[in-house]
Amino acid sequence: MASLQHVYGRGHIFWWRRVHYSFHDKPIDVRLSLGTPDRLQARHRGAVLTASYDRVVSMLNDRIRASRGLTERKLQAIARAMHEERLAEVCTEQRATPDDAEYHSATNRAFVDYFHRLTSRGGHMSFLPDEQSALEAQGWDAQRIADLKTVIALRENKGVSPIRKDEIDRHLAAAGFAIDDRLRWMVELALYPTYRGVYADAEEQLRTLVGRNSAPAWTTPSTTCSPT
């Protein structure tokens, strides 16, 4: 039976074998009796199993993934990984162009405010006059409000967002999940406080880079449920 993959003889009966590697910790050794001592029948039955194997395994994986679910621990693990990736990306850009420190600082602070807003509201909402009045009452100056509105408008008018769907999909797939809109939404919610932390941390790194040791007049809003 050397001419047919995955089929071998054991005693007087032929068997079919595949070692399946997926998102499990250990490989699964799949062995099925072909129920015949006849070489031609074993060849035919083995070929049928081999042809249908990938489809069957795909269905099995989808069911296992669905039954496992995206737990809070797994969700926070994804959020932590994405925090580290984005922080490295932002800090590298800032270190590469230190002469643009003022621009980087304004960007960091605007995104901290933006993600704090998303965290506190649980998602995207248009910026309305009542919200501006409330922020002014809290002591926000005109530039801080304008920067926040600019970031909000980038997503609403141009579809530009620091939350990237392809990155979410990549991390979900790496964690062994069949990607769907519900899982994407769960990860996005977890990224609101996570990315707020990214830009707050990037601002701290920027102050060190340019030698700003004194605390700025602008302060970062507090939040909860960020990954540790």
Side-chain angles (χ1 to χ4, degrees), residues 72 75-76 78-80 82-168 181-182 184-228:
E72 182 64 19
L75 183 62
Q76 291 301 328
I78 291 174
R80 283 192 296 271
M82 295 186 72
H83 175 282
E84 293 304 312
E85 286 183 3
R86 181 57 58 85
L87 181 60
E89 177 185 331
V90 173
C91 288
T92 298
E93 180 181 354
Q94 292 180 169
R95 286 191 290 267
T97 53
D99 290 342
D100 295 332
E102 292 297 330
Y103 169 77
H104 292 318
S105 182
T107 300
N108 290 337
R109 290 180 290 171
F111 278 123
V112 168
D113 287 338
Y114 174 71
F115 283 111
H116 179 72
R117 181 177 185 268
L118 289 177
T119 301
S120 63
R121 293 173 178 268
H124 300 278
M125 295 181 65
S126 296
F127 191 93
L128 301 177
D130 286 349
E131 184 177 356
Q132 178 165 338
S133 298
L135 294 176
E136 290 171 344
Q138 294 173 30
W140 286 39
D141 61 33
Q143 187 60 57
R144 184 174 182 180
I145 293 174
D147 290 345
L148 174 60
K149 291 169 69 175
T150 296
V151 177
I152 294 171
L154 281 174
R155 179 186 178 277
E156 289 188 340
N157 301 333
K158 298 183 180 181
V160 176
S161 172
I163 296 179
R164 303 165 188 161
K165 178 181 172 182
D166 61 329
E167 291 181 357
I168 293 176
D181 288 339
R182 177 178 173 276
R184 288 189 183 113
W185 175 72
M186 291 176 67
V187 174
E188 178 169 329
L189 286 176
L191 287 180
Y192 296 159
T194 298
Y195 278 4
R196 173 203 172 276
V198 164
Y199 288 97
D201 290 346
E203 181 64 13
E204 291 295 329
Q205 293 284 349
L206 181 63
R207 289 181 209 154
T208 301
L209 176 67
V210 298
R212 294 177 181 170
N213 297 319
S214 60
W218 173 89
T219 57
T220 61
S222 61
T223 190
T224 58
C225 295
S226 58
T228 57

Discussion item. Rounded to the nearest 0.5 Å, what separates atom CD1 in Ile78 from atom CD in Glu167?
Written reply: 12.5 Å

Discussion item. Under a 4.0 Å threshold between the charged nitrogen and the carboxylate oxygen, would Arg144 count as salt-bridged to Asp113?
Written reply: yes

Discussion item. Can you confirm whether Leu118 sits close enough to Tyr195 that some side-chain heavy atom of one is under 4.5 Å from a side-chain heavy atom of the other?
Written reply: no

Practice prompt. For Arg109 and Ser105, indicate whether the former's side chain and the latter's backbone hold a donor-acceptor pair under 3.5 Å.
Written response: yes

Worksheet item: Taking Glu131 as the fixed residue, which of Lys149, Glu136, Met125, Arg121 is the one that meets the side-chain contact (heavy atoms from CB on, under 4.5 Å) rule?
Response: Arg121

Worksheet, complete the sentence: In terms of heavy-atom contacts, Ala202 and Cys91 come closest through CA-SG, 4.1 Å

Item to complete: Using side-chain contact (heavy atoms from CB on, under 4.5 Å) as the criterion, list what pairs up with Glu85, not counting sequence neighbours.
Response: Arg170, His171

Worksheet item: Quick one: are Phe127 and Val151 in side-chain contact, heavy atoms under 4.5 Å?
Response: no

Worksheet entry | Note, Arg117 side chain near Leu148 side chain (heavy atom, < 4.5 Å) | yes

Worksheet item: Within the distance-only criterion (no hydrogens, no angle test), does the side chain of Thr92 pair as donor or acceptor with the backbone N or O of Ala88 below 3.5 angstrom?
Response: yes

Worksheet item: With the threshold set at 4.0 Å, does a side-chain nitrogen-carboxylate oxygen contact exist between Arg184 and Asp181?
Response: yes

Response to the item:
For Val210 and Pro98 the tightest heavy-atom approach is CG1-O, 4.4 Å

Worksheet item: When rounded to the nearest 0.5 angstrom, what is the spacing between OH in Tyr103 and CD in Gln94?
Response: 10.5 Å

Item to complete: Output the distance between atom CG (Asp141) and atom CG (Leu135), rounded to the nearest 0.5 Å.
Response: 11.0 Å

Worksheet entry | Reported CG-to-OG1 distance for the pair Leu191 and Thr119, which is rounded to 0.5 angstrom | 10.0 Å

Worksheet entry | Shortest non-hydrogen contact between Arg155 and Ser161, atoms and distance | CG-CB, 4.5 Å

Worksheet item: Looking only at heavy atoms, what is the nearest atom pair of Leu87 and Val198, with distance?
Response: CD1-O, 3.5 Å

Worksheet entry | CD1-OH distance between Ile163 and Tyr192, expressed to the nearest 0.5 angstrom | 5.0 Å

Discussion item. A side-chain contact here means heavy atoms from C-beta on lying under 4.5 Å apart; do Leu75 and Leu189 qualify?
Written reply: no

Item to complete: State, yes or no, whether a side-chain contact exists between Leu206 and Glu203 at a heavy-atom distance under 4.5 Å.
Response: yes

Worksheet item: Do we see a donor-acceptor contact under 3.5 Å between the side chains of Glu188 and His124?
Response: yes

Worksheet entry | Distance, nearest 0.5 Å, that separates CD of Glu89 from CZ of Arg86 | 5.0 Å

Worksheet, complete the sentence: Applying ring pair (Phe, Tyr, Trp, His ring centres under 6.0 Å) to Tyr114 and not counting sequence neighbours gives none

Discussion item. If only side-chain N and O atoms count, and only distance matters, is there a donor-acceptor pair under 3.5 Å linking Gln205 with Asp201?
Written reply: no

Item to complete: Determine whether Thr194 and Met82 make a side-chain contact, defined as any pair of heavy atoms from C-beta on separated by less than 4.5 Å.
Response: no

